[in-house]
Amino acid sequence: SQQGEEDPQALSIQEGENATMNCSYKTSINNLQWYRQNSGRGLVHLILIRSNEREKHSGRLRVTLDTSKKSSSLLITASRAADTASYFCATDAGSSASKIIFGSGTRLSIRP
Amino acid sequence: SQTIHQWPATLVQPVGSPLSLECTVEGTSNPNLYWYRQAAGRGLQLLFYSVGIGQISSEVPQNLSASRPQDRQFILSSKKLLLSDSGFYLCAWSVGQGGKLFFGSGTQLSVL
């Protein structure tokens, strides 16, 4: 079953613009993570935010978490062509912290 | 350093044939191990996860099974493949609860 749903499903922006992706989930969580996947490859971990955190930064990435709304957002600033990829949020299942479930993903395309 | 090995990279199998995909992790002890399946252009579906030898949680049993014969080895099997088993299979590992996942490079399985 899918825990998270990303929005939008696809996003195309001009290089240099900011990209914002959203994720909603259904159950209580301990952590929320964001991953990136280049076509046909394995996923790469980007950032983890704990349920008691509201915002986290890593380089050009900014993640927010609103546990009251069961939602998170990933902002990529000053996008580059190399940021073209699919982005997924993942959550644990709360009571089963080792069970990690992924959302449906956002396909991000950066136009040069 | 820790590494994960997943093979083969691609596999073409006839309907009704058996399947065995192997994943091994090096450089860590007692990892959590995961099998995910991804349909083209879609999110990741959790199939199985294991928090220790002999402990396997099945999320989508269908005609697939998983085994963990050794601490750092996770095997995905099927006795008889179906057309619907086609997809991109990803193995991953983590340490602790709700920690970040490290993915293998994936196996593209085509059942014909």
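All chains are named by letter (A, B, ...) in the order of the sequence lines, taking the proteins before the strands, and each is independently numbered beginning at 1.
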Using a heavy-atom cutoff of under 4.5 Å, enumerate the residues of residues 70-80 of chain B that contact chain A, numbered in order, or state 'none'. none
I need the contact set between residues 20-33 of chain B and chain A: heavy-atom distance under 4.5 Å, sorted by residue number. B:Asn32
Measuring heavy-atom distances to chain B, does A:Gln37 have an atom under 4.5 Å in its side chain, in its backbone, in both, or in neither? side chain
A:Arg107, part contacting chain B, at a heavy-atom distance under 4.5 Å: side chain
Is the distance between the ring centroids of B:Phe48 and B:Tyr34 under 6.0 Å? no
First locate atom [atom1] of [X], then atom [atom2] of [Y], and finally report the distance between them rounded to the nearest 0.5 Å.
| X | Y | atom1 | atom2 | result |
| --- | --- | --- | --- | --- |
| B:Ser84 | B:Asn63 | OG | CG | 6.5 Å |
| B:Ser50 | B:Gln55 | OG | CD | 6.5 Å |
| B:Leu81 | B:Ser17 | CG | OG | 4.5 Å |

Looking at A:Asn31, A:Leu48, A:Ile100, which one has more heavy-atom pairs under 4.5 Å with chain B than the rest? A:Ile100
Under a 4.5 Å heavy-atom cut-off, does chain A meet the side chain of [X], its backbone, both or neither?
| X | answer |
| --- | --- |
| B:Leu101 | both |
| B:Phe102 | neither |
| B:Ser94 | neither |

Which pair of heavy atoms, one from B:Gly106 and one from B:Leu90, lies closest together, and at what distance? CA-CD2, 3.7 Å
So, for A:Met21 and A:Trp34, which heavy atoms are closest and what is the spacing to 0.1 Å? O-CH2, 4.0 Å
Could A:Glu5 and A:Lys26 be called an ion pair, given the rule that one side-chain N must be under 4.0 Å from one carboxylate O? no
Does the side chain of [X] pick up a donor-acceptor pair with the side chain of [Y] at under 3.5 Å?
| X | Y | answer |
| --- | --- | --- |
| B:Ser110 | B:Ser86 | no |
| A:Ser12 | A:Arg111 | yes |
| B:Gln38 | B:Tyr36 | no |

For a 4.5 angstrom cut-off between non-hydrogen side-chain atoms, does A:Leu61 reach A:Leu74? yes
Would you say that B:Leu44 contacts B:Phe103 through its side chain, given a criterion of any heavy-atom pair below 4.5 Å between the two side chains? yes
Do any N or O atoms from the side chain of A:Thr106 and from the backbone of A:Pro8 form a donor-acceptor pair under 3.5 angstrom? yes
Highest number of heavy-atom pairs under 4.5 Å with chain A: which of B:Gly99, B:Gly104, B:Cys91? B:Gly99
